[in-house]
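Reviewing the structure listed below.
Counting starts at 1 for both ligands and their atoms, following the listed order. The residues of the chain are indexed from 1 along the displayed sequence. Below, all heavy atoms of this structure are taken into account, side chains as well, without hydrogens, waters or symmetry copies.
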Amino acid sequence: MALISPSRRLRRTPFSDGVEAAGVKAYTVYNHMLLPTVFRSVEEDYRHLKEAVQVWDVACERQVELRGPDAGRLMQMLTPRDLRRMLPGQCFYVPIVDETGGMLNDPVAVKLAEDRWWISIADSDLLFWVKGIAQGWRLDVLVDEPDVSPLAVQGPMAEELMARVFGEAVREVRFFRFGWFEFQGRPLVVARSGYSKQGGFEIYLEGGDLGMPLWNALMEAGRDLDVRAGCPNLIERIEGGLLSYGNDMTDDNTPHECGLGKFCDTQTAIGCIGRDALLRVAKEGPAQQIRPIAIDGPPVPVCDRWWPVLARGRRVGRISSAAWSPDFGTNVAIGMIRMTHWDAGTELEVETGDGMRRAVVQERFWI
Ligand code: THG
């Protein structure tokens, strides 16, 4: 593929200077912003992520901030996950659905206070939907995109590196919780979360001016830990079953089809806009669902369109993400597979970018 032309519409991040200095080799576009995808090679980055610690520019995980007396009510209108027991200091992975129960996004909701929330969004223009609802319902809430840029620290040595920069107390932050930690005199939200299964933290940098100081502080403090610039890794996220909105699911899919039923409490999520639609479809159960799929043969090419999944020549699903896994010695993939063929062990054919391959539905994701 040719290069993408830079312009102001394709937003840089507060960490872009550091990413470039680290020798980024490829980007994707996410929420109209640059997201690195490769530093050395996808496989070399993968190995290093699993053995050391990486700093990721995930500023493209933009925040939709809700502020005001109706913030909590608005947040519950957006998701079928019951938020009544959620406390300030917690993060929840929440499906966001439209009036048909279709997925609009799969963000992390961050509850800062009863009247202040961040929705840390995946790649769709959720701000417009949220503003529309706030206006249409005449809610007493401000909705906007603040100057907040997440920086992730991921990998087995992440806690050690974070303790050096933010102090020993970061070790006490539990999974999907956050605390406030000072950097250069400014309090920042630091959560134990991130788009990998290797463990780690996300720093929600408020104020882009501190971007490079924070980046440099982490790089210097982790020199002996072999800290490197990294990014969400395709192989590792497929092994871990971490979904990618727009790739693995769209607004045509319900949370149940995406395997996100465990994050839905549709009966008790009173006020959720898609509730009635989801109650109707949940009664029947989904007719297709996300499955881990192993694809036989040598490394598959990049999956940049849905690959048809066939059984005896008939289409029974699609593959949306695929990569060669060095650790598991097979191609790992994420598919949306019809009920008739989604049982573990079912043999399928996949029309990959370079021809037909045998594939098998797996019992679970690899990590
Ligand atoms: N962190 C933050 N914002 C984000 C992402 C993130 N926004 C975009 C994108 N990633 C949203 N999608 C996901 C998908 C998976 C997870 C988080 C965000 C995730 N899932 C865990 C899992 O499935 O194992 C844990 C879910 C849970 O148990 O609650 O972490 O990464 N800030």
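When the heavy-atom distances from atom 7 (N) of ligand 1 to C60, S120, G200, A191 are ranked, the shortest goes to S120. In the candidate list V94, D248, L243, L242, L242 is nearest to atom 19 (C) of ligand 1, counting heavy atoms. For atom 18 (C) of ligand 1, the nearest non-hydrogen atom from the set V189, V108, I119 comes from V108.
Those atoms of ligand 1 with a heavy atom of G194 less than 4.0 angstrom away are 30 (O), 31 (O). Heavy-atom proximity to K197, at under 4.0 Å, picks out these atoms of ligand 1: 22 (C), 24 (O). In summary, the atoms of ligand 1 found under 4.0 Å from a heavy atom of F263, numbered by their order in the structure, are 26 (C), 27 (C), 29 (O). Residue-ligand proximity, I121 to ligand 1, at heavy-atom distances under 4.0 Å covers atoms 7 (N), 8 (C).
Among all non-hydrogen protein atoms, the one lying nearest atom 30 (O) of ligand 1 is F176 CZ, 3.5 Å. In terms of protein heavy atoms, atom 13 (C) of ligand 1 is closest to Y93 CE1, 3.4 Å. Ranking the protein heavy atoms by distance from atom 6 (C) of ligand 1 puts E61 OE2, 3.3 Å first. Of all protein heavy atoms, the one lying nearest to atom 25 (C) of ligand 1 is F175 CZ, 3.9 Å.
Using modelled atom types and a 3.5 Å distance limit, the side chains of S321 and N247 yield no donor-acceptor pair. For the residue pair S325/D327, the side-chain donor-acceptor check at 3.5 Å is not satisfied.
Nearest heavy atom pair, residue F92 against residue L83, reads CD2-CD2, 3.7 Å. Closest of all the heavy-atom pairs between A134 and L74 is CB-CD2, 4.1 Å.
At a threshold of 4.5 Å between non-hydrogen side-chain atoms, the residues E61 and N31 do not count as touching.
The local environment of CD in E284 is sparse, with at most 12 non-hydrogen atoms from other residues, nucleotides or ligands closer than 6.0 Å. Counting non-hydrogen atoms of other residues, nucleotides and ligands closer than 6.0 Å to CD of E51 gives a total above 12. With a 6.0 Å radius and a threshold of 12 heavy atoms from other residues, nucleotides or ligands, R186 has its CZ atom above the threshold.
Aromatic ring pairs are classed by plane angle as parallel below 30°, tilted from 30° to 60° and perpendicular above 60°; the pair F166 and F183 is tilted.
Of all the heavy atoms of Y245, none lies under 4.0 Å from any atom of ligand 1, so neither backbone nor side chain is involved. Contact annotation: for Y204 versus ligand 1, heavy atoms closer than 4.0 Å belong to the side chain alone. Residue contacts with ligand 1, taken as heavy atom pairs separated by less than 4.0 Å, involve D106 via backbone and side-chain atoms alike.
Electrostatic pairing of E347 and R358 counts as a salt bridge here, judged by a charged N lying under 4.0 Å from a carboxylate O.
At least one heavy atom of Y30 sits less than 4.0 Å from an atom of ligand 1.
Backbone and side-chain nitrogen or oxygen atoms of E202 are examined, and one is located within less than 3.5 angstrom of a nitrogen or oxygen of ligand 1.
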